[in-house]
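Data first, discussion second: the structure below is written as structure tokens.
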Amino acid sequence: MFAPASGLKGVVRVPADKSISHRAAIIGSICDGPVAIQNFLAAADTRSTLSAIAACGVEVVNAESDNPVVKGAGLRGLATLMDTIDIGNSGTSIRLLPGILAGQSGSFRLDGDESIRRRPMDRVVNPLREMGVSIEARDGSYAPLTVTGGSVHGITYEMPVASAQVKSALLLAGLYADGPTEVIEPAVCRDHTEVMLDAAGARVEKEGLLTRIYPAERLSLDKVEVMGDFSSAAFWLVAGTIVHGSEITLKGVGINTTRTGLLTILLEMGADITLENERRQGGEAVADLTVRHAKLHGLAVGGGITGRMIDELPLLALAGAFADGETLVTGAAELRVKESDRITGLVDNLASLGVHIEAFEDGFLVRGIHGPLGGNFRSYGDHRMAMLGAVAGLASRDGVQVDGFDCVSVSYPNFLKDLESLGALI
Ligand code: S3P
């Protein structure tokens with residue numbers, strides 16, 4: 001039971017960035033020589049990526065720690081050692097890995113859990129096929145995927161949805177192509193793959209929403225230092241804003257602007273969040289963030305910014321429950337194909353806690369009359385849904401019971417410890 005909190009106070013070092021940890025392991029695996037990853041996210045999803053590269057013959061030293069060393073096998077050095085590579089719950093692993101597997105010799109079969117098997121894979125399968133990659137999917141759209149390495153052609157691809165996973169898969173495949181590969185995104189989405197490939201020596205160019213990559217001869221990275229995950233920090237930014245008497249400092253958080261749409265929107269709604277000690281770490285921007293309780297007003301959010309806050313949009317519904325007026329989110333149909341259907345799950349859950357919220361095909365509307373009263377909340381096996389339920393409980397009148405909370409191990413294994421350190425009662 002997550003009991004109502006009377007003020008969350010303290011300093012939290014949020015877990016390492018999940019997206020960057022995945023990329024460090026994947027790009028590291030095709031570098032020449034060892035890549036030392038500092039502050040790797042030691043959680044279920046990113047462990048899946050490390051096991052996947054190990055299953056392709058890449059040696060990983062200290063794989064269980066948060067400082068693994070990936071002994072890069074070179075651009076074309078991966079091998080088929082197992083019938084099936086199990087990537088568990090990790091969408092980023094199953095969508096990015098085909099990009100590098102396209103340039104290897106041999107066939108690789110990728111599969112995952114029930115949630116992964118329901119998620120659309122045609123978004124990477126179709127453009128990779130256009131690049132000449134041999135890739136098979138169940139019913140053309142779903143895991144398991146089988147990728148057989150071979151020749152790759154450079155193409156220009158306009159993505160129908162703003163997906164960093166699709167963009168990344170194509171840019172990685174572009175390393176092996178016979179000419180440049182161009183990916184055009186309909187709206188800005190996270191650019192960590194481009195940033196890291198550039199640091200590893202690949203030739204990458206950006207022109208607005210277009211990213212161009214050239215075939216590579218070799219990549220090398222000595223080390224990658226991973227910063228705190230903005231998407232994990234987001235739970236505390238909202239908790240600190242809506243729980244009376246709170247003041248929370250979050251140390252060393254990534255503030256790459258392709259990720260911080262929630263910060264922009266919360267500030268527009270009246271939140272009290274300050275940034276200090278802004279610095280750069282391996283091409284990425286980092287800062288310490290301090291959030292204090294504040295009164296909010298509702299806002300309409302849609303269009304381009306949703307791609308910069310796709311994983312944080314559900315949290316906005318909770319913030320909206322405390323805001324004056326209405327908070328409207330549109331243009332976010334992608335939420336339906338995440339680890340769970342995050343529109344249906346969110347709206348059913350918050351409505352059952354007494355929040356005035358209604359669902360649309362591509363978003364939701366919240367009337368901020370009062371925050372959650374209390375009751376039961378279902379995680380649907382989705383880590384971000386589970387943590388949202390916990391934050392709802394802290395800000396509720398009567399407390400919230402989250403069923404299936406264990407799935408937080410996917411991205412934030414120490415969530416409860418951090419919550420206790422802020423003075424909350426569980
Ligand atoms: C991610 C991209 C996003 C995000 C996911 C991580 C990434 O997915 O929701 O949690 O690391 O590239 P999409 O590419 O499907 O938008």
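In each ligand, atom 1 is the first atom listed, and ligand 1 is the first ligand listed. None of the values given here were measured: they were computed from a predicted structure.
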>> Testing the 3.5 Å rule here: is there a donor-acceptor pair between the side chains of Arg336 and Thr344?
In response: yes
> Quick one: do Glu136 and Arg129 make a salt bridge, cutoff under 4.0 Å?
Replying inline: yes
>> A cation-pi test, strictly: NZ or CZ of Arg203 under 6.0 Å from the centre of the six-membered ring of Tyr214 and no more than 45 degrees from its axis. Yes or no?
In response: yes
> So, are Asp111 and Arg117 salt-bridged, with charged N and O less than 4.0 Å apart?
Replying inline: yes
> Is the distance between the ring centroids of Phe377 and Phe405 under 6.0 Å?
Replying inline: no
>> Among Ile26, Val147, Ile27, exactly one meets side-chain contact (heavy atoms from CB on, under 4.5 Å) together with Ile100. Which residue is that?
In response: Ile26
> Who's touching ligand 1 if we go heavy atoms under 4.0 Å?
Replying inline: Ser19, Arg23, Thr92, Arg95, Ala162, Ser163, Ala164, Gln165, Arg190, Ile310, Asp311, Lys338
